[in-house]
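Letters A, B, ... mirror the listed sequences (proteins, then strands); counts begin at 1.
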Amino acid sequence: MGLFIVKRLLWIFPVMLGIAILIFTIMYICPGDPAAAILGIGATQIQIDQKRAELGLNQPYIVQLLQYLKQVFLELDLGTSYFYRTPVIDGLMSRMHYTLILALTCMALQILIGTPLGIMAATHRNGLADRFCMIVALAGVSIPGFWFALMMVVFFSVKLGWLPTYGVGGIQYYIMPCIANSFAGIATQARQTRSSMLEVIHSDYISTALAKGLSDREILFKHALPNALIPIITVVGNGMGMMLGGAVVVENVFSIPGIGNYMMSAINSRDYPIVLGGVLVLGIVFSLIMLMVDIIYAFVDPRIRARYEGKKRGKLESA
Amino acid sequence: MPHNKSDAFLSVQGLAVEYSSSGEVIHAVNGVSFDLKKGGTLGLVGETGAGKTTIAKAIIGILPRPPANVSAGEIFMNGRDLLKVDNAQMRKVRGKEISMIFQDPMTALNPIMRVGEQIAEAIFRHEQVTKKQAEDKGKEMLEMVGISTERYREFPHQFSGGMKQRVVIAMALACNPSLILADEPTTALDVTIQAQVLDMIRSLKNKYGTSMLMITHDLGVVAEICDDVAVVYAGEIVESGSKEQIFTSPKHPYTVGLFKSLPDINSDMERLNPIDGLPPDPSNLPAGCSFGPRCPNFSPKCQDHIKLKDAGNGHFYRCW
Amino acid sequence: MPKKDARPKKDSPFAQVARRLSKNNVAMAGLAIILLLSLAAILAPIIMPYDYTAMDMRNMYAKPSLEHLFGADDLGRDIFSRLLYGSRASLSMGILSTLLSTAAGIAIGSVVGYYGGTVDNVIMRLLDIIQAIPGMLLAIAISAALGSGFLNTILALSIGGVPMTVRLLRGSIMSLRNLEYIEAAEKINCSKLRIMLFHILPNSLAPLIVSVTMGIGNTILAAASLSYIGLGIQPPTPEWGAMLSAGKAVISKYPHLCIFPGLCIMIVVLAFNMLGDGLRDAMDPKLKS
């Protein structure tokens with residue numbers, strides 16, 4: 001177990017490096033001149049050239065990339081915003097908590113609502129509960145989150161006046177953003193839990209457990225659920241990615257001053273260091289969550305642990 | 001089949017099970033009757049899909065309902081009709097009085113639960129013991145099937161197929177059941193391991209005087225372990241009797257065909273003699289004898305209902 | 001002679017899937033919606049009641065009526081016509097970028113799955129990195145870099161989907177390549193390409209078809225999200241997400257500017273999900289006892 005965690009932890013560094021290279025490259029090929037953007041419309045060509053030299057933009061790609069990587073990983077500096085003229089890292093950190101609160105709350109909702117829904121559907125196969133859960137789940141994966149958010153605003157804020165339309169503040173400000181952003185996650189979780197449960201319920205070891213004389217409850221909680229949850233752990237991890245991406249859009253709808261909004265306004269003003277930094281930071285957050293997911297996996301499933309601890313045995317089993 | 005409730009330990013009478021799926025009804029078991037003597041072993045022989053496993057699952061009451069449904073019959077154990085026992089009571093029977101050994105040890109164990117705990121779980125459930133006592137008994141059971149107690153806390157993936165089947169057997173025997181339903185316990189194992197496992201089952205069974213229903217398609221296993229034999233075809237028993245009667249003078253053409261299809265070390269035949277054709281579609285059984293379409297002696301009267309015929313000394317067959 | 005197979009003849013796997021699918025009302029409804037919408041998208045210039053660019057200042061923000069079925073927008077343009085025309089952008093973006101990412105995924109997945117070893121290790125680690133960025137964020141970053149527009153958006157949407165297809169294909173190749181019939185094909189000197197094309201790919205088809213169907217729905221959703229936040233396709237081109245975005249400013253007074261585009265997105269995505277679910281059940285009857 002310890003060895004597995006160490007191995008998995010070490011893997012996070014190349015992933016982070018990879019994300020940085022990928023994002024830098026995407027931004028490098030994009031059209032538009034940051035130097036011109038910084039100086040504004042009135043700048044002369046000489047001024048722009050000067051600025052380009054100052055920013056190192058006339059260097060070859062590889063030099064710029066190495067410069068950027070050194071700056072990010074050795075100096076923990078994500079650059080300076082062209083527009084705000086403040087360090088990007090400060091801008092991101094001061095907004096981080098809004099995005100994280102939103103994404104983590106949504107992830108909790110996904111697990112706490114989606115899983116029981118899926119179990120209920122699977123244990124009441126083809127019954128009323130199953131139908132209901134599956135309709136909710138199908139709706140959840142099909143309704144655009146931002147549209148759902150707007151419709152809620154129209155109904156709960158404009159018509160009924162129950163909830164604030166936008167902004168941040170107390171818990172009431174988070175209700176609609178969280179519902180809008182987690183609906184798809186809850187639905188995906190419910191669907192996956194259901195199909196995973198159904199598959200497990202048909203496995204032989206459930207027959208074995210039945211033949212032992214265990215009660216339905218014992219079989220559900222000791223045998224079926226722990227096995228059914230294994231593939232669902234991945235869904236939870238991917239769900240977090242969905243929540244982080246969705247947070248960007250939902251922040252936009254509700255004017256929540258999180259990383260998403262920061263990035264969106266940066267995109268409009270071609271303030272690339274912010275876009276780069278934002279994606280990088282959220283990518284790292286996501287990688288850390290996936291790391292946790294993998295550790296939980298190994299904790300739950302002894303077969304995975306074995307694959308990492310003794311290479312030989314793991315190969316034998318998977319063959 | 002005539003029967004005498006008093007001397008049969010397990011008596012199945014006219015059992016019929018159907019599966020229904022999307023409007024289709026599959027007749028998996030059609031009026032099966034047999035008796036099992038106390039301490040005896042009855043071999044239920046037949047091809048894959050003949051309904052053998054369904055019979056066993058009906059006895060221990062773990063048929064998935066729906067789609068399965070017991071449409072007729074009675075299952076007496078010690079004079080009590082198990083089909084009339086409610087689910088809560090039946091849970092006390094399962095694992096305690098009747099236990100089952102499943103066909104595929106690879107999938108019969110919960111992959112993420114320690115093997116020892118899987119054995120102790122049954123003991124804790126049925127005996128008035130503490131968790132610790134259940135664990136001790138579990139270790140004892142492991143030792144009994146020849147696995148070191150050190151492996152109590154290991155997971156199924158750390159065991160070979162034969163060892164897993166030993167664990168399954170330990171689990172089945174843990175509460176000293178009076179009836180074991182062994183569903184092809186050796187089919188998934190290597191031949192050498194098969195012999196070991198069979199030996200173990202037999203000696204443990206003899207030690208505790210357990211009665212056993214041995215489900216198999218392997219006549220070699222029958223020869224080795226069974227006292228009586230019932231041959232199942234398309235959810236029906238086509239012939240039954242003592243092992244000697246069936247092996248020395250089979251009456252039903254299907255039974256005869258089964259023996260003919262075995263390779264014979266003493267003859268120099270070049271090819272095996274399989275039975276032509278395939279078992280009938282259980283959702284669309286032929287009228288009368290269901291073996292009719294494959295039978296070398298087929299005649300029009302085979303399409304009528306055929307009664308059981310008595311060949312004497314408890315040997316019965318369903319043919320003209 | 002009675003000595004014959006008593007079972008009825010079974011039809012081909014494809015026919016079986018089609019038969020099971022045709023019995024599934026939900027899936028058939030999904031398919032019907034998709035076909036109907038595709039037809040509407042193709043015929044849009046002919047069947048739309050108004051020119052989608054025609055402004056009509058007397059009808060600014062007109063409520064839904066017989067004259068303007070879904071009302072009119074801030075410039076008095078007929079929303080129904082705009083939605084009809086906009087289905088072209090949404091459907092084609094969804095379909096094209098899913099096909100693009102699936103094609104790329106199949107190509108990479110085949111190489112990775114078949115050669116294994118170092119090739120597999122290197123490519124899979126690279127894909128790990130792409131997957132380490134949440135899909136929506138990656139699409140945002142790419143379309144921010146490339147700028148808005150039809151082709152750029154398709155590219156932005158398809159890159160994030162590649163790793164999933166590769167994984168899916170790789171998984172099924174890995175489980176297939178050890179099977180006897182692949183070994184047999186190797187023994188009789190079939191070329192690797194032939195084995196890949198004729199033996200492995202057809203057997204990996206079922207999960208791929210399901211993932212493409214579901215993928216189209218999800219991509220349409222993602223495309224609308226991109227347009228909504230100001231990337232992707234931009235006004236005045238009618239696109240559902242962009243129309244929603246334009247209506248947002250006046251949503252409290254004229255909600256119909258937002259309601260109908262959103263409903264369109266939902267119905268299309270729902271239809272693809274319904275069909276995808278049905279296909280999965282039809283191809284994997286194990287779960288549907």
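With a 4.5 angstrom heavy-atom cutoff, B:K92 does not touch chain A via any of its atoms. Neither the backbone nor the side chain of A:I206 comes within contact range of chain B; no heavy atom of the residue lies under 4.5 Å from a heavy atom of that chain. Using a 4.5 Å cut-off between heavy atoms, B:M90 makes no contact with chain A at all. Of the two parts of B:L109, only the backbone, made up of N, CA, C and O, holds a non-hydrogen atom closer than 4.5 Å to a non-hydrogen atom of chain A. Heavy atoms of A:S207 lying under 4.5 Å from chain B belong to its backbone as well as its side chain. Looking at B:Q103, neither its backbone nor its side chain comes within 4.5 Å of chain A, counting heavy atoms on both sides.
Panel note: side chain B:R125, backbone A:K212; no donor-acceptor pair is recorded below 3.5 Å. Although no hydrogens or angles enter the test, the distance criterion places a donor-acceptor pair under 3.5 Å between the side chain of A:T208 and the main chain of B:A108. No donor-acceptor pair closer than 3.5 Å links the side chain of B:R94 to the backbone N or O of A:L214.
More than 12 non-hydrogen atoms from other residues, nucleotides or ligands lie less than 6.0 angstrom from CG of A:L10. When the shell of 6.0 Å around CZ of A:F73 is examined, it contains more than 12 heavy atoms from other residues, nucleotides or ligands.
To the nearest 0.5 Å, the span separating OH on A:Y205 from CG on B:D104 amounts to 13.0 Å. Between B:N110 atom CG and A:D204 atom CG the span is 12.0 Å, to the nearest 0.5 Å. Atom CD1 of B:I62 and atom CG of A:L210 lie 5.5 Å apart (nearest 0.5 Å).
Using a 4.5 Å cut-off on side-chain heavy atoms (C-beta onward), B:P111 and A:N227 make contact.
Side-chain atoms of B:E121 and A:H223 form a donor-acceptor pair, as typed in the model, at a separation below 3.5 Å.
For the options A:S215, A:P226, A:S203, heavy-atom pairs under 4.5 Å to chain B are most numerous at A:S215.
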